[in-house]
Amino acid sequence: MPTSVKFLIFATGWMVFRAIGSGLFLSLGILESHRAAPPDWTIAFLGDFAIGTTALFLAYMIWKKPSAFLWGILLAWNAVGLFDLIGALSHSFTHPFSPFPEIGINEISIRTILSLNTLMQSVALIVMFRPQVKAYFRV
């Protein structure tokens, strides 16, 4: 298995953390906690949750059952995930959110996490067009 495919598996699986974080903040909103994000963050969190909950399944499929169809699904999944991250990153400047400042989860750390995930998803999208990866998926 080429290293670029291993990175694609890692980057895809990494996105499960989006489901964990967004699930926490969506739950806080449902519970009407004072730590909850403002309501205008709900769409960004729902996008993160959808991307994150499918991440491990897709990572497994890359590893076990690569196909041209899966490559197309991954292309769309990464594009939608990147679009969601860019929207959330821009939203973090217009509507800052500091859920747990006492442990360091403030506006800056939220932007850092979003930036890291944006970079990882961007690289994964670029890696998908490498010849070794396309050959692995038989595209």
For the student: nearest non-hydrogen atoms of Ala44 and Ala88, plus distance: CB-CB, 4.1 Å

Audit row: Ile9, Met1, side-chain contact (heavy atoms from CB on, under 4.5 Å) steps and yes/no: CA-CA 11 Å; Ile9 292 170; Met1 178 180 306; 3.7 Å; yes

Other residues, nucleotides, ligands: >12 heavy atoms within 6.0 Å of Arg111 CZ: yes

Side-chain heavy-atom pair Ser122, Thr118 within 4.5 angstrom cut-off: yes

Gap separating the CG atom of Leu70 from the CZ atom of Arg138, nearest 0.5 angstrom: 10.0 Å

Side-chain heavy atoms of Leu8 within contact of Phe137, under 4.5 Å: yes

Close side-chain approach of Val133 to Pro2, heavy-atom, < 4.5 Å: no

Linked, directly or transitively: Met15 and Ile110 (ILVMFWY side chains, under 4.5 Å): no

Heavy-atom closest pair, residues Gln132 and Ser4: CB-OG, 4.1 Å

Ile43 atom CD1, over 12 foreign heavy atoms within 6.0 Å: no

Flag if over 12 foreign heavy atoms under 6.0 Å of CD1, Ile73: yes

Closest non-hydrogen atom pair, Gly81 against Gln121: C-OE1, 3.5 Å

Any donor-acceptor pair under 3.5 Å from Asn78 side chain to Leu74 backbone: yes

Non-hydrogen side-chain atoms of Leu24 and Ile20 separated by less than 4.5 Å: no

Leu125 side chain reached by Leu75 side chain, heavy atoms, under 4.5 Å: yes

Lys NZ or Arg CZ of Arg18 over Phe49 ring: under 6.0 Å, within 45°: no

Cluster link Leu119 to Ile51, ILVMFWY, side chain under 4.5 Å: yes

hydrophobic_cluster_shared for Ile113 and Leu46, side chain cutoff 4.5 Å: no

Side-chain (Thr54) to main-chain (Ala50) donor-acceptor, under 3.5 angstrom: yes

Hydrophobic cluster identity match, Met61 and Phe69, side-chain contacts under 4.5 Å: yes

Any donor-acceptor N/O pair, Asn117 side chain to Met120 backbone, under 3.5 Å: no

Residue of the set Trp77, Phe129, Tyr136 for which ring pair (Phe, Tyr, Trp, His ring centres under 6.0 Å) holds with Trp71: Phe129

Ile86 side chain reached by Leu82 side chain, heavy atoms, under 4.5 Å: yes

Verify same cluster id: Leu58, Trp63 (apolar side-chain graph, 4.5 Å): yes

Closest contact, heavy atoms only, Ala124 versus Ala11: CB-CB, 3.9 Å

Leu89 vs Leu85 side-chain heavy atoms within contact, under 4.5 Å: no

Residue list, ring-ring contact (aromatic ring centres under 6.0 Å, His included) with Phe10, at least two apart or on another chain: Trp14

Contact check, side chains of Ser92 and Trp41, non-hydrogen atoms, under 4.5 Å: yes

